[in-house]
Amino acid sequence: KIFKKHLDILPEQLNKWLNSSHPYTIRFAIKMYMTYFLEERFKTSYMTKIAEIQSDEYYVNMMIAWYFATALAKQYDEVIEFLENNKLPLWVHNKTIQKAIESYRIKEEQKEEIKEAHLLKEQQEAAQQMTLDEMKRKHVMDILEQCKGNLREAAKRLDINRQTLYNQLKKYGILHE
């Protein structure tokens, strides 16, 4: 409730949090932008700030994708143009499109427009250029997403023990000590 009372000064604080070195602080700032600034207080500058975040943190990237998928439901014209100009990191871009297509909040004709625009085509091009480590990292991130962050379930699906998964998460920069 305190945030809602101070929406005029909140973006200044959110911008500080977006620059934090702590993933959960960054996620919280993005969630606050999503909660309070996607409707009548929407500004493309907020969207640009979030798109400029460069992170190897799985949960930060998922929050960015969630923000943009939600933004598509609320500010479709601005966001679709933004996505067509490839302003997001590839993984985040593709995850945004996937979430948008799965969303019940986006109209069927908009989903068709997204599909027809071939906004996922970069995924195929990027896969051809990925190194083996990048492919492994992507696979681990995809499994982790499917398991909603549950390390035990992800390790089981990957057919490795949890310690090996934990070591891979650290190696690929998905998890920090």
Got a second to check how far [X]'s [atom1] is from [Y]'s [atom2], nearest 0.5 Å?
| X | Y | atom1 | atom2 | answer |
| --- | --- | --- | --- | --- |
| Leu14 | Phe28 | CG | CZ | 8.0 Å |
| Ile26 | Asn19 | CD1 | CG | 8.0 Å |
| Gln168 | Lys136 | CD | NZ | 7.5 Å |
| Met62 | Thr96 | CE | OG1 | 9.0 Å |
| Ser55 | Leu18 | OG | CG | 11.5 Å |
| Ile101 | Glu108 | CD1 | CD | 10.5 Å |

> Within the side chain of Gln75, is there an N or O that forms a donor-acceptor pair under 3.5 Å with the backbone of Leu38?
Replying inline: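 Side chain of Gln75 to backbone of Leu38: a pair is present.
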>> Taking Ile160's backbone N and O only, do any of them form a donor-acceptor pair with Thr164's side chain (distance below 3.5 Å, no angle check)?
In response: no
Got a sec: does the [atom1] of [X] have more than 12 other heavy atoms crowding it under 6.0 Å?
| X | atom1 | value |
| --- | --- | --- |
| Lys111 | NZ | yes |
| Trp17 | CH2 | yes |
| Glu102 | CD | yes |
| Asp159 | CG | no |

> What salt bridge (Lys or Arg N to Asp or Glu O under 4.0 Å) pairs are there with at least one residue in residues 26-55, not counting sequence neighbours?
Replying inline: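 Non-adjacent pairs meeting salt bridge (Lys or Arg N to Asp or Glu O under 4.0 Å): Glu39-Lys74.
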> Which pairs with one or both residues in residues 139-151 pass side chain to side chain donor-acceptor pair (under 3.5 Å), sequence neighbours excluded?
Replying inline: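 Those involving residues 139-151 are Lys95-Glu145, Lys99-Glu145, Lys138-Asp142, Gln146-Arg157.
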>> Minimum heavy-atom separation for Gly149 and Tyr59, please, with both atom names.
In response: CA-OH, 2.9 Å
> Is the Tyr46 to Tyr33 ring centre distance short of 6.0 Å?
Replying inline: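 Yes, the ring of Tyr46 comes within the 6.0 Å limit of the ring of Tyr33, centre to centre.
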>> Quick one about Asn161 and Tyr166 (side-chain donor to acceptor, distance below 3.5 Å, no hydrogens or angles considered), yes or no?
In response: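 Distance-only check fails for Tyr166 and Asn161.
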>> Side chains of Asn85 and Glu81: any donor to acceptor distance under 3.5 Å?
In response: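 Note: Glu81 and Asn85 side chains miss the donor-acceptor criterion.
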> Considering only heavy atoms from C-beta outward, does the side chain of Thr70 approach that of Trp66 to under 4.5 Å?
Replying inline: yes
